[in-house]
Amino acid sequence: MMLQTALEYNKVFVRIEGYRPFLTNKYPDKKLAILTCMDTRLVELLPAALGIKNGDVKILKNAGGIVSHPYGSVMRSLIIAIYQLGVEMIWVIGHTDCGMEHSDTTALLQKMTARGIAPGVIEQVREDGVDFEHWLGGFSDVCEAIQTTMQEIRRHPLIPADIQIEGMLMDSATGEITQIESL
């Protein structure tokens with residue numbers, strides 16, 4: 001039902017040229033990439049709180065707004081943004097009341113089993129080299145997570161030294177931004 005509603009809305013959107021205010025190109029006008037959390041409260045609040053409009057920045061979102069692997073999709077996207085799309089700055093923006101703060105990997109694995117993932121499959125994934133604590137684990141302090149992510153980006157061998165990296169914490173209710181200093 002939801003998909004059909006979205007598709008019907010889209011047909012009208014295209015017919016009335018609702019896309020016109022959003023026309024831009026693939027290059028971020030502000031030469032900025034933002035790594036942030038996938039939290040639903042940030043979808044419109046984050047750009048509004050920072051005065052960002054369509055075409056200004058590249059926004060990467062994942063659970064917790066962190067780098068979980070030095071050669072995973074987040075770093076791949078940042079590297080492409082720098083070398084192909086002209087990004088010169090990276091902002092790591094965490095937020096208050098993040099679901100990844102104090103996330104419990106054991107409880108998550110139990111939920112997987114309860115949803116039908118066989119324990120043998122989980123063990124096979126472990127044997128294949130996946131460290132569930134690291135891959136699915138959360139963090140105990142969002143400000144430390146922001147600082148750690150900034151460090152991981154900064155020390156990556158493929159990130160040039162001239163890239164400016166900043167960290168911020170956003171209040172997920174008010175949108176207030178506090179700058180987080182590097183470690």
Straight-line distance of [X] [atom1] to [Y] [atom2], nearest 0.5 Å:
X    : Y    : atom1 : atom2 : result
W135 : T105 : CH2   : OG1   : 10.5 Å
L169 : Q147 : CG    : CD    : 10.5 Å
E166 : I177 : CD    : CD1   : 12.5 Å
R154 : I159 : CZ    : CD1   : 11.0 Å
T178 : D171 : OG1   : CG    : 8.0 Å
S77  : I82  : OG    : CD1   : 11.0 Å

When you look at [atom1] of [X], are more than 12 heavy atoms from neighbouring residues, nucleotides or ligands closer to it than 6.0 Å?
X   : atom1 : result
K61 : NZ    : yes
Y27 : OH    : no
R76 : CZ    : no

- Query: Are I93 and I180 grouped together when hydrophobic residues (ILVMFWY) are joined by side-chain heavy atoms under 4.5 angstrom apart?
  - Reply: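 Per the 4.5 Å side-chain linkage, I93 and I180 are not co-clustered.
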Identify each donor-acceptor pair in which a side-chain atom of residues 1-13 lies under 3.5 Å from a protein atom, sequence neighbours left out, and give them as a table.
from, atom 1, to, atom 2, distance (Å)
Q4, NE2, E8, OE2, 3.3
T5, OG1, M1, O, 3.0

- Message: Using the rule given for side-chain contact (heavy atoms from CB on, under 4.5 Å), can you reason through E152 versus V92, listing the C-alpha separation, both sets of side-chain angles and the distance that settles it, and then say yes or no?
- Response: CA-CA 11 Å; E152 289 180 23; V92 178; over 6 Å; no
- Item | Heavy-atom closest contact (H156 atom, P70 atom, distance) |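 Smallest heavy-atom distance, with atoms named: NE2-O, 2.8 Å.
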- What are the two closest non-hydrogen atoms of G64 and C37, and how far apart are they?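 Closest heavy-atom pair between G64 and C37: N-SG, 3.4 Å.
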- Query: What residues form a side-chain contact (heavy atoms from CB on, under 4.5 Å) with Q124, not counting sequence neighbours?
  - Reply: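 If we apply the side-chain contact (heavy atoms from CB on, under 4.5 Å) test to Q124, skipping adjacent residues, the hits are E127, D128.
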Let me have the donor-acceptor pairs involving side chains of residues 39-53, under 3.5 Å, with sequence neighbours excluded, atom names and distances please.
from, atom 1, to, atom 2, distance (Å)
D39, OD1, R41, N, 2.7
D39, OD1, R41, NE, 2.9
D39, OD2, R41, NE, 3.4
D39, OD2, R41, NH2, 2.7
R41, NH1, D97, OD2, 2.9
R41, NH1, S172, OG, 3.3
R41, NH2, D97, O, 2.9
K53, NZ, D56, OD1, 3.1

